[in-house]
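A short worksheet on the structure shown next.
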Amino acid sequence: MPALSLSRRAALGAFTAAMLTKNANAQSNTTLRIGIMSGEDEDIWRIVSTNASKSGLTLKIVTFSDYSTPNQALSEGDLDANAFQHGPFLKAQSEANGFKITPVGNTYFAPMGLYSHRWKSLKDLPPNASIGVPNDPSNEGRALLLLQTLGILKISSSAGLLPTALDITDNPRNISIRELDAGVVGRALTDLDAAVVNTEWAQKAGIDTIKERIGEETLQNNPYVCFIATNAKDASAAWVKPLVSAYQQPNTRQALLDVYHGAIVPAWT
């Protein structure tokens, strides 16, 4: 076979390099369907989408208005990932529905707070006060554990992360626990001495999450950190790390603080 001329070898090398680049780009141009809750999170994910595009990821954001649907949609393959939940919620949903969903990267922590229109501090909360808590298992358990951390009552250690009012073992102030829908408890604050409310619902109820908060959770060792989740079979997919990295950026961190006015905190180091 005759040897290739220098010019032909150069042309062949350029063609090969071009094809490799084209193939690499084709592999990196991936469209992902991401499920989130409608509202402020949409502002955050617009920034994440821009970040992700630099890694060849196109994010199609799918919004939901209820918490039960995003995991179902992910499990059925209608989504590639979702970002709205914490560990205890995922655990409860997985046990109830057989989901095989796993966290792949932390997003933020929305501390559940104890709020009051009537009282300025925890020490002002009187005996026989009425305190509202969400009535779904995950959030009620979280609310009662917060009240225990604040020294208001004690919970049976056997209740784990999902205690109910029946698991209260000591109630020295004779606090009355009012179990209400998570979307209602914040709006009922006017009729209560205090209420434990999720950050999102507190904001929607018009509660000043800074000035009217008389107690809150801390981030350290907290199981309620939110995350991006995928089906377990996709946890090691090539697009997972770039997706998580697109979220865990300085501009996303700043956006979380700005959009939520300090009511939530970034949960990655």
Output yes when a side-chain donor or acceptor of [X] lies under 3.5 Å from a complementary backbone atom of [Y], and no otherwise.
{"X": "Glu217", "Y": "Met112", "answer": "yes"}
{"X": "Arg118", "Y": "Leu192", "answer": "yes"}
{"X": "Asp208", "Y": "Ile210", "answer": "yes"}
{"X": "Asp80", "Y": "Arg33", "answer": "yes"}
{"X": "Asp234", "Y": "Thr230", "answer": "no"}
{"X": "Arg142", "Y": "Pro137", "answer": "no"}
{"X": "Ser94", "Y": "Leu90", "answer": "yes"}
{"X": "Asp41", "Y": "Ile44", "answer": "no"}
{"X": "Asp181", "Y": "Gly183", "answer": "yes"}
{"X": "Asp167", "Y": "Ala159", "answer": "no"}

- Tell me, yes or no, whether the heavy-atom count around Lys204 atom NZ, taken from other residues, nucleotides or ligands under 6.0 Å, exceeds 12.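 Counting neighbours around NZ of Lys204, more than 12 heavy atoms of other residues, nucleotides or ligands fall under 6.0 Å, so yes.
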- Query: Any chance CZ of Arg253 has more than 12 other-residue heavy atoms, nucleotides or ligands included, within less than 6.0 Å?
  - Reply: yes
- Query: Can you name the one residue among Asn51, Thr50, Leu257, Thr107 that meets side chain to side chain contact (heavy atoms under 4.5 Å, CB included) with Thr252?
  - Reply: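 Going through Asn51, Thr50, Leu257, Thr107 one by one, the side chain to side chain contact (heavy atoms under 4.5 Å, CB included) with Thr252 is satisfied by Asn51 alone.
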Report yes or no: do [X] and [Y] belong to one cluster of Ile/Leu/Val/Met/Phe/Trp/Tyr joined by side chain heavy-atom distances under 4.5 Å?
{"X": "Leu32", "Y": "Leu74", "result": "no"}
{"X": "Leu180", "Y": "Leu144", "result": "no"}
{"X": "Val62", "Y": "Phe227", "result": "yes"}
{"X": "Ile152", "Y": "Leu146", "result": "yes"}
{"X": "Val185", "Y": "Met37", "result": "yes"}

Do [X] and [Y] have side-chain heavy atoms sitting under 4.5 Å apart?
{"X": "Leu256", "Y": "Ile264", "result": "yes"}
{"X": "Leu147", "Y": "Ile177", "result": "yes"}
{"X": "Glu179", "Y": "Glu140", "result": "yes"}
{"X": "Pro103", "Y": "Ile228", "result": "no"}
{"X": "Asn82", "Y": "Ile36", "result": "no"}
{"X": "Gln203", "Y": "Thr209", "result": "yes"}
{"X": "Ile207", "Y": "Leu189", "result": "yes"}
{"X": "Pro111", "Y": "Leu219", "result": "no"}

Starting at [atom1] of [X], measure out to [atom2] of [Y] and round the result to the nearest 0.5 Å.
{"X": "Ile47", "Y": "Glu42", "atom1": "CD1", "atom2": "CD", "answer": "13.0 Å"}
{"X": "Arg213", "Y": "Tyr115", "atom1": "CZ", "atom2": "OH", "answer": "5.5 Å"}
{"X": "Lys123", "Y": "Ile214", "atom1": "NZ", "atom2": "CD1", "answer": "11.0 Å"}
{"X": "Leu153", "Y": "Ile168", "atom1": "CG", "atom2": "CD1", "answer": "5.0 Å"}
{"X": "Trp119", "Y": "Asp193", "atom1": "CH2", "atom2": "CG", "answer": "6.5 Å"}
{"X": "Lys100", "Y": "Ser75", "atom1": "NZ", "atom2": "OG", "answer": "9.0 Å"}

What closest approach, in Å, do [X] and [Y] show between heavy atoms, and which atom pair accounts for it?
{"X": "Pro134", "Y": "Asn139", "result": "CB-CB, 3.6 Å"}
{"X": "Ala232", "Y": "Thr102", "result": "CA-CG2, 3.9 Å"}
{"X": "Leu125", "Y": "Ala194", "result": "CD1-CB, 4.1 Å"}
{"X": "Asp136", "Y": "Ala182", "result": "OD1-CB, 3.9 Å"}
{"X": "Pro242", "Y": "Ser55", "result": "CB-CB, 4.1 Å"}
{"X": "Pro70", "Y": "Leu79", "result": "O-CD1, 3.6 Å"}

- Would Phe99 and Gln72 count as a side-chain contact (heavy atoms from CB on, under 4.5 Å) if you check the C-alpha gap in whole Å, the side-chain angles of each, and the deciding distance to 0.1 Å? CA-CA 8 Å; Phe99 298 147; Gln72 187 70 44; 3.4 Å; yes
- Note on the structure: The ring-ring contact (aromatic ring centres under 6.0 Å, His included) partners of Trp201 (sequence neighbours excluded) come to none
- Test log, rule side-chain hydrogen bond (donor to acceptor under 3.5 Å, both in side chains), inputs Ser68 and Asp66: CA-CA 6 Å; Ser68 61; Asp66 70 277; 2.7 Å; yes
- Item | Test side-chain contact (heavy atoms from CB on, under 4.5 Å) applied to Ser176 and Asn128, step by step | CA-CA 6 Å; Ser176 173; Asn128 304 309; over 6 Å; no
- Query: Any chance the rings of Phe89 and Tyr224 have centres within less than 6.0 Å?
  - Reply: no
- Query: Between Ser138 and Lys91, does a side-chain contact (heavy atoms from CB on, under 4.5 Å) hold up when you go through it step by step?
  - Reply: CA-CA 9 Å; Ser138 176; Lys91 183 175 185 292; over 6 Å; no
- Return the set of residues passing side-chain contact (heavy atoms from CB on, under 4.5 Å) with Gln248 (not counting sequence neighbours), or none when no residue passes. Asn106, Val244, Trp268
- Message: The test is side-chain contact (heavy atoms from CB on, under 4.5 Å); show your working for Thr190 and His117 and say whether it passes.
- Response: CA-CA 7 Å; Thr190 302; His117 289 331; 3.7 Å; yes
- Query: Judged by modelled atom types alone, do Asn71 and Gln85 share a side-chain donor-acceptor pair under 3.5 Å?
  - Reply: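 Yes.
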